[in-house]
Structures are given as C-alpha cells and as structure tokens.
Amino acid sequence: LEAIKKAEEKARAEEIMDIEPKEKEYTPEIYETEIANLRKQVERYRSFWYLLNGLLTLQERDISIAEYLQKKGYPKVAIYGLGMVGKHLAAELEKSGYEISFGIDQSENQVSQFFHVITLQDNPPKKTDLIIVTVTYDFSHIKEQISRKYSCEVISLKTILDEMID
C-alpha cells in the first residue's frame, strides 16, 4: 500500500498521471440532448411493455392472432423487427401453423429456422399479403421505408392488438 502511494505521488510530481477526477462540463445543449435521448429510450421501453402485455392478454384470453389475420384476409404475412417482440409474434404464429413469408430486420445477423430473414436493402424473397411492424415506437418512419419497396399493406402490431383486445 505504501509503495502505491509513493508511486502516485511521484507520478503526480512528474505530471505523468492525472488521477484527480475532472468535472465534465455540461452545457444546456448537452442536457437537452441527454434528455431527448432518455425520452426516446423511455418511449421504446414503454412500447415493448405495451406490446408484450397485449400479446400476454391475448394468450390469457385464448385469442389467436393467426385466426384474426386469416379472418382479415391475410393468408401470409412478413414481420418487420425480429427483436424481442418480433420473436414472440413469430413464435405465436408458427405455433398456429400460420405462414410467415419472411422476416425483415436491420440486423443482418437475425435468423429463423422457420422463414427467410432479410434487410430492407435486400430484394423480397417472395410475395406477402401484409407486413406487421413490431417496432411501433418508430412506426411512421419504418412504414415510409417499407412502402417505397413493397406494395402490400403495412400495419403496426399495436394496431392489431388494439383491434383484437377492445
């Protein structure tokens, strides 16, 4: 312990080591940016909670999303967003034997053993009747991007859950 103290004193004296904590200066702009980022993060988590709660509510009431989609005239769908919520939606549809045309995700690393996964930059592997967007906190922007490439209907999972639960 004594050797460490002597080494620190020597380093300070020689200005080799600056171990005194420096105060980070926060400007109003930095605070505004930090607050904006935190608000986005809160909205994202609020969206996750809402969607997962909706999926659990349907499960508890024994209501099938696959049957709902069939009745609405969508024999096959694609899923945009294969993170936590998208994987649960895919599992629910697969369990019912519903056809998932393909998945779309920003990450090129997403894979599924049941359907092909692409990015928005890729060409669609096959036709689909509907694209369900699970990333609802950024739905407008994502819908705009999808609509440039696909001619099918694009709907958010939130809209589907709202219709099914009410």
Heavy-atom side-chain contact between [X] and [Y] under 4.5 Å:
{"X": "L52", "Y": "H88", "value": "yes"}
{"X": "I146", "Y": "K143", "value": "no"}
{"X": "Y50", "Y": "D162", "value": "yes"}
{"X": "F115", "Y": "L82", "value": "yes"}
{"X": "Y80", "Y": "Q106", "value": "yes"}
{"X": "F48", "Y": "M84", "value": "yes"}
{"X": "K72", "Y": "E163", "value": "yes"}
{"X": "V85", "Y": "L89", "value": "no"}

(request) Please say which of I160, I63, L58 ends up in a side chain to side chain contact (heavy atoms under 4.5 Å, CB included) with I165. (result)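 Only match with I165 under side chain to side chain contact (heavy atoms under 4.5 Å, CB included): L58.
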(request) Give a yes or no on whether a salt bridge exists between R148 and E144, defined as a side-chain N under 4.0 angstrom from a carboxylate O. (result)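 A salt bridge links R148 with E144.
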(request) May I ask you to decide whether R46 forms a salt bridge with E43, counting only side-chain N to carboxylate O separations under 4.0 Å? (result) yes
Gap separating the [atom1] atom of [X] from the [atom2] atom of [Y], nearest 0.5 angstrom:
{"X": "D129", "Y": "E99", "atom1": "CG", "atom2": "CD", "result": "8.5 Å"}
{"X": "E153", "Y": "I132", "atom1": "CD", "atom2": "CD1", "result": "10.0 Å"}
{"X": "F102", "Y": "K76", "atom1": "CZ", "atom2": "NZ", "result": "10.0 Å"}
{"X": "I79", "Y": "L157", "atom1": "CD1", "atom2": "CG", "result": "9.0 Å"}
{"X": "H116", "Y": "I104", "atom1": "NE2", "atom2": "CD1", "result": "10.5 Å"}

(request) Check the side chains of S47 and T136 for a donor-acceptor pair under 3.5 angstrom, ignoring hydrogens and angles. (result)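 Short answer, yes.
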(request) Return yes if a side-chain donor-acceptor contact under 3.5 Å exists between T119 and D122, otherwise no. (result)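 Yes, D122 and T119 have a side-chain donor paired with an acceptor closer than 3.5 Å.
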State, to 0.1 Å, how close [X] and [Y] come at their nearest heavy-atom pair, and which atoms those are.
{"X": "L130", "Y": "V154", "answer": "CD1-N, 4.3 Å"}
{"X": "T128", "Y": "S101", "answer": "OG1-OG, 3.0 Å"}
{"X": "L51", "Y": "T134", "answer": "CD1-O, 3.3 Å"}
{"X": "F139", "Y": "I155", "answer": "CE1-C, 3.7 Å"}

(message) Would the distance check show the side chain of S156 and the main-chain N or O of V135 forming a donor-acceptor pair, the cut-off being under 3.5 Å?
(response)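 Between the backbone of V135 and the side chain of S156 there is no qualifying donor-acceptor contact (under 3.5 Å).
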(message) A quick test of your reading: do over 12 heavy atoms of other residues, nucleotides or ligands sit less than 6.0 Å from NZ of K149?
(response) yes
(request) Check the hydrophobic clustering (I, L, V, M, F, W, Y; side-chain heavy atoms under 4.5 Å; chains of links allowed) and say if L56 and W49 are grouped together. (result)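 Cluster IDs for L56 and W49 differ.
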(request) Show the numbers, then the answer: is there a side chain to side chain contact (heavy atoms under 4.5 Å, CB included) between L55 and I65? (result) CA-CA 9 Å; L55 290 171; I65 294 177; 3.5 Å; yes
